[in-house]
Amino acid sequence: VTLRVAAGGEFCAEVNGRVATFGVYRDFPDRPAYNEVSVPTKQGANALAVGVFHSGNGFGSHSDGTPGLWAEVVSADGRTLAATGEAGWRCRPLANYTFGKLPITFGTLDWTYEYDANRPASEWREPVAAAPRVKPVKRPVAAPHLGEPIVAREVYRDSSEVGFDLGTIACGWIEFGVKAPKGTRIRIKNREVLNDGRVRIFGDVQPGDFYVADGTAAVFRHRYRYYGCRYLGFEFPKDSQGVEISDVKLIPAVYDGFETPPFDCDDEFFNRLHRASVKTLRLCWMGRHVSNVWREQAWYPYDLRFEALYDYTLWGMYGESAANLEQVGRGTLPNGYAPCVGPAVKDPEKRIWIPMYTFAWMTALTENCFYSGDDGLFKKFSGQIKGMLDAALAIKKDGLYLPPEGMMRWDYCDPALEDWVGTPNDPPNAFYNLYAREALLALAPLYRAHGEAAYAEKLECLAAEIGERAVR
């Protein structure tokens with residue numbers, strides 16, 4: 001049968017006790033998307049169970065929305081065998097998880113979680129019918145599947161912590177065996193590198209998730225977040241007796257389509273460099289899925305542009321980048337600028353924006369059209385881009401352009417201005433104008449190809465003016 005699942009948050013769907021599909025996604029609440037997978041079934045009754053982990057707040061990495069679940073099961077001949085909203089469904093809270101506010105993982109990420117093995121399971125109850133919503137669309141990016149577990153080895157242990165090394169950086173679910181006295185609170189930490197030989201970061205912020213033991217031996221697997229790391233640390237009260245952490249694993253989330261052309265040369269150094277580079281780029285592509293203090297679960301338009309170029313040239317992947325570019329475009333702010341990340345917290349007054357990212361997004365969109373040979377993305381956003389250009393080029397001084405002032409404006413990496421939000425927008429700076437020129441020159445051929453020669457010429461004239469002024 002075909003299973004389709006969408007949720008207001010991270011989810012894991014199981015059929016007859018086996019994982020069928022899952023996702024750590026950041027949809028805009030008004031445009032949810034579903035995973036579609038084919039799953040085996042048995043003759044007679046089959047059981048579908050879906051866990052949903054909802055974050056009730058907006059962060060820099062996702063937009064706040066309403067919790068909920070949408071699912072349907074369709075037979076090979078197209079008949080709907082089961083669907084949410086019909087009789088026969090039951091629901092209950094995942095009582096072992098703590099509800100409510102928890103410490104955040106990092107400012108741009110999400111809440112941490114706490115799992116308490118002592119809590120009894122909640123009673124099943126009738127689901128509450130949700131208010132009518134937009135029907136989910138099929139997710140344009142293929143759903144991941146689970147790979148072979150990576151087994152970690154213990155690398156240090158003392159009276160309050162034990163650390164493990166996966167041997168490589170990977171992204172996926174973590175699983176571990178645990179036995180500790182009832183009520184022992186164990187903090188789970190993850191990092192890409194060790195600091196002073198331990199799993200920690202310097203400074204006061206030491207984010208981590210928590211597992212509270214019930215005194216029995218157990219195996220715990222968190223299904224609602226990817227960990228992106230090489231090292232895992234388990235911290236417990238100092239001098240605790242009887243704390244055992246064992247069989248630590250990471251079950252990677254595998255995305256197909258990353259096959260690369262053969263590469264081989266006589267110099268083994270370059271062979272190893274190529275393998276490391278491909279692995280790094282693959283991990284970067286997954287960066288928007290990874291919950292790690294150094295990575296965000298969203299795309300920055302500037303980062304997206306360069307990772308998309310590798311998608312085209314290294315893997316021949318075009319649709320994935322088009323989907324991500326569309327995600328950013330749908331998050332355009334009321335002032336006409338692209339968001340810093342997409343999606344992000346719903347309230348535009350709380351959303352940081354980086355002026356030059358608007359132009360980087362426009363250039364990346366044109367590159368997707370040129371590399372893929374598909375102009376669908378341009379057709380979808382050509383009208384919106386005109387409005388964005390009007391806003392971005394509305395303030396002019398001495399022949400160059402300025403972004404509007406705003407407390408949430410961040411002149412990222414601009415040496416001419418303070419590198420933080422709320423800085424003045426004057427004097428004009430090179431970053432903003434040179435990226436504007438690049439975007440104008442990239443857009444002009446597309447508008448000309450779509451019958452808007454006069455507008456294309458206007459863009460080219462603006463680009464020439466900026467170029468002439470910028471090189472003086």
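For this chain, numbers begin at 1 and follow the sequence in order.
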With sequence neighbours excluded, residues passing salt bridge (charged side-chain N to carboxylate O under 4.0 Å, His left out) with K379: D375
Is any NZ, NE, NH1 or NH2 atom of the basic residue among E235 and R200 found under 4.0 Å from an Asp or Glu carboxylate oxygen of the other? no
Before accepting this row, confirm whether a basic side-chain N of the pair E148/K249 lies closer than 4.0 Å to the acidic partner's carboxylate O. no
With sequence neighbours left out, what residues match [X] under side chain to side chain donor-acceptor pair (under 3.5 Å)?
{"X": "S321", "value": "D311"}
{"X": "E14", "value": "R223"}
{"X": "D165", "value": "R230"}
{"X": "N433", "value": "none"}

Who pairs with [X] by side-chain contact (heavy atoms from CB on, under 4.5 Å), at least two apart in sequence or on another chain?
{"X": "N335", "result": "L333, Y337, W353"}
{"X": "K138", "result": "Y34, E36"}
{"X": "L309", "result": "F306, Y312, E367, Y371"}
{"X": "S382", "result": "F378, Y447"}

Within the supplied structure, the quantity of interest is the number of heavy atoms (other residues, nucleotides, ligands) at a distance under 6.0 Å from E457 CD; does it exceed 12? no
Salt bridge (charged side-chain N to carboxylate O under 4.0 Å, His left out) contacts in which one or both residues fall within residues 265-274, not counting sequence neighbours: E268-R275
Taking atom types as modelled, is there a side-chain donor on Y211 or E114 under 3.5 Å from an acceptor on the other? no
Please tabulate, for side-chain N and O atoms in residues 384-395, each donor-acceptor pair with protein atoms closer than 3.5 Å (sequence neighbours left out).
unit_1	atom_1	unit_2	atom_2	d
Q384	NE2	G329	O	3.1
Q384	NE2	T332	OG1	2.8
K386	NZ	E452	OE1	2.4

Under 3.5 Å, which donor-acceptor pairs link side chains of residues 436-445 to any protein atom two or more places apart or in another chain?
unit_1	atom_1	unit_2	atom_2	d
R437	NE	A463	O	3.4
E438	OE1	R305	NH1	3.1
E438	OE2	R305	NH1	3.2
E438	OE2	R305	NH2	3.0

Check whether any side-chain N or O of N368 sits under 3.5 Å from a backbone N or O of Y318 as a donor-acceptor pair, and report yes or no. yes
Strictly under 6.0 Å, is that where the ring centroids of Y115 and H222 end up? no
